[in-house]
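Notes to accompany the following structure.
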Amino acid sequence: MTPGAARRRPGVVPAVLPRAFYAGDPVVVAPLLLNKLLVRSDRVGGDRVGGDRVGRIVEVEAYRGSEDPASHAFAGPTKRNTVMFGPPGHLYVYFTYGMHWCANAVCGPAGTGHAVLLRALAPLSGLEAMRGARRAGTADRHLTSGPAKLCQAFGITSDENGADLVTGDHGLTVVDDGMAPPSDPGVSGRIGIRRAADRPWRWWVPGDPHVSRGRPGPAS
DNA sequence: CTATAGATGCCCT
DNA sequence: GGGCATCTATAGC
């Protein structure tokens with residue numbers, strides 16, 4: 001069987017990112033996550049169910065814990081942000097606007113509350129599973145072009161809060177298939193926040209049509 | 001294509 | 001009770 005869903009490239013073995021990858025500062029880790037793959041492999045009793053859902057990460061934002069007024073971790077540990085203060089490499093999922101879920105990779109040393117928000121993916125595999133029943137008519141371009149959209153496409157809810165992206169205990173991993181991050185990523189202020197909106201901590205893959213609709217250029 | 005309004009519930013002060 | 005790390009439908013160019 002083919003291990004993982006990533007299509008093999010010559011000379012490259014797709015590899016799940018190790019925990020050490022996430023242990024750095026989120027301002028460094030975030031742009032390095034560009035062009036990595038988010039993979040969901042659903043299994044029941046050890047048997048694979050359906051095809052993997054795979055998307056390439058094309059937009060991210062860094063949130064820098066207690067030093068960042070825009071971070072959910074800014075005011076210290078609470079019931080909601082518990083996972084952020086745990087070890088890196090886990091998924092922090094939060095609920096917002098009464099109806100949407102968003103997902104972050106916890107970064108930095110345990111206890112810092114650092115994280116990287118996954119804002120957009122380019123869908124590669126399992127698009128029909130991503131559409132599901134609720135989004136049957138959704139065009140490819142709009143399936144995962146936003147932080148809440150990608151969670152819906154991948155079925156990420158509170159059940160996945162705390163999922164370990166390194167062990168894949170919830171079927172979710174981040175995989176390096178050998179594509180390097182862009183050498184000159186787009187940079188701007190973060191989207192949809194009011195505090196610390198000027199910090200240039202959003203990065204995207206230039207020219208990718210799946211980048212979310214936000215501020216066009218660098219923070220103005 | 002852009003702009004705007006409304007949905008809707010949880011967390012935290 | 002205020003404020004959301006958003007999305008979709010709809011109206012108007």
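Chain naming here is simple, since letters A, B, ... match the order of the sequence lines and numbering starts at 1 in each.
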**Study point:** Distance below 4.0 Å between A:H72 side-chain N/O and B:dC11 OP1 or OP2
**Key:** no

Exercise for review: Determine, for A:Y63 and A:R190, whether the Lys NZ or Arg CZ falls below 6.0 Å from the six-membered ring centre while staying within 45 degrees of the axis.
Suggested key: yes

Check your understanding: Expressed in angstrom and rounded to an integer, what is the separation of A:L117 atom CG from C:dA5 atom P?
Key -> 10 Å

Exercise for review: May I ask you to decide if A:G189's main-chain N or O and A:R199's side chain share a donor-acceptor pair within less than 3.5 Å?
Suggested key: no

Review point. Given atom NE2 of A:H100 and atom C1' of B:dT8, what is their separation to the nearest angstrom?
Key: 9 Å

**Study point:** Residues in contact with DNA chain B, drawn from residues 133-141 of chain A - heavy-atom cutoff 4.0 Å
**Key:** none

Practice item. Identify which nucleotide among C:dC7, B:dT13, B:dG9 has an atom closest to any side-chain atom of A:P147, counting heavy atoms from C-beta outward. Key: C:dC7

**Study point:** Any donor-acceptor pair under 3.5 Å from A:D42 side chain to A:V44 backbone
**Key:** no

Check your understanding: How would you label the contact of A:A70 with the nucleic acid (heavy atoms, under 4.0 Å): base, sugar-phosphate, or nothing?
Key -> base

Practice item. Apply the test side chain to side chain donor-acceptor pair (under 3.5 Å) to residues A:S41 and A:D52: give CA-CA distance (whole Å), side-chain angles for both, the deciding distance (0.1 Å), then the verdict. Key: CA-CA 5 Å; A:S41 304; A:D52 288 351; 3.0 Å; yes

Check your understanding: Rounded to whole angstroms, how far apart are CZ on A:F95 and P on B:dC12?
Key -> 14 Å

Review point. If you measure from the ring centre of A:Y97 to the centre of the six-membered ring in the base of B:dG9, is it under 5.5 Å, with the planes under 30° apart?
Key: no

Practice item. Using atom OH of A:Y92 as one end and atom C1' of B:dC10 as the other, report the distance to the nearest whole Å. Key: 11 Å

**Study point:** Side-chain donor/acceptor of A:T82 to backbone N/O of A:T78, under 3.5 Å
**Key:** yes

Check your understanding: Please, what dot-bracket string fits DNA chain C when only Watson-Crick and G-U pairs with both distances under 3.5 Å count, crossing ones use [ ] and pairs to another strand use |?
Key -> ||||.|||||||.

Study note, to complete from the structure: In this structure, CD of A:E61 is separated from OG of A:S188 (nearest 0.5 Å) by 7.0 Å

Practice item. Compute whether any side-chain donor of one residue and acceptor of the other, for A:Y92 and A:H72, lie under 3.5 angstrom apart. Key: yes

Study note, to complete from the structure: A:M99 CE to B:dC11 P, in whole Å, measures 16 Å

Exercise for review: Would you please test A:L37 and A:L124 for side-chain contact (heavy atoms from CB on, under 4.5 Å) and show each step?
Suggested key: CA-CA 9 Å; A:L37 304 177; A:L124 298 184; 3.7 Å; yes

Review point. Between A:D68 and A:R195, is there a salt bridge with N-O shorter than 4.0 Å?
Key: no

Exercise for review: Using a cut-off of strictly less than 4.0 Å, decide whether A:K79 has a side-chain nitrogen or oxygen near OP1 or OP2 of B:dC10.
Suggested key: no

Anything under 3.5 Å between a protein N or O and an N or O of nucleotides 2-4 of chain B, put it in a table, one pair a line.
| residue | atom | partner | partner atom | Å |
| --- | --- | --- | --- | --- |
| B:dT2 | OP1 | A:R213 | NH2 | 2.6 |
| B:dT2 | OP2 | A:R213 | NH2 | 2.5 |

Exercise for review: Send over the distance from A:L143 CG to C:dT6 P, rounded to a whole Å.
Suggested key: 19 Å

Revision key, fill the gap. Contacts of A:R195 and A:Q152 projected onto DNA chain C by closest heavy atom; the upstream (5') one is A:R195

Practice item. Respond yes when some side-chain nitrogen or oxygen of A:R119 is under 4.0 Å from OP1 or OP2 of C:dA5, and no when none is. Key: no

Exercise for review: Could you tell me the separation between the CH2 atom of A:W101 and the P atom of B:dT8, rounded to a whole number of Å?
Suggested key: 16 Å

Exercise for review: Can you check whether any acceptor in the base of C:dA5 is under 3.5 Å from a donor in the side chain of A:Y94, or vice versa?
Suggested key: yes

Practice item. Supply the atom-to-atom distance A:I156 CD1 to A:R40 CZ, rounded to the nearest 0.5 angstrom. Key: 6.5 Å

Check your understanding: Would you call A:D208 and A:R56 a salt bridge, taking side-chain N to carboxylate O under 4.0 Å as the test?
Key -> no

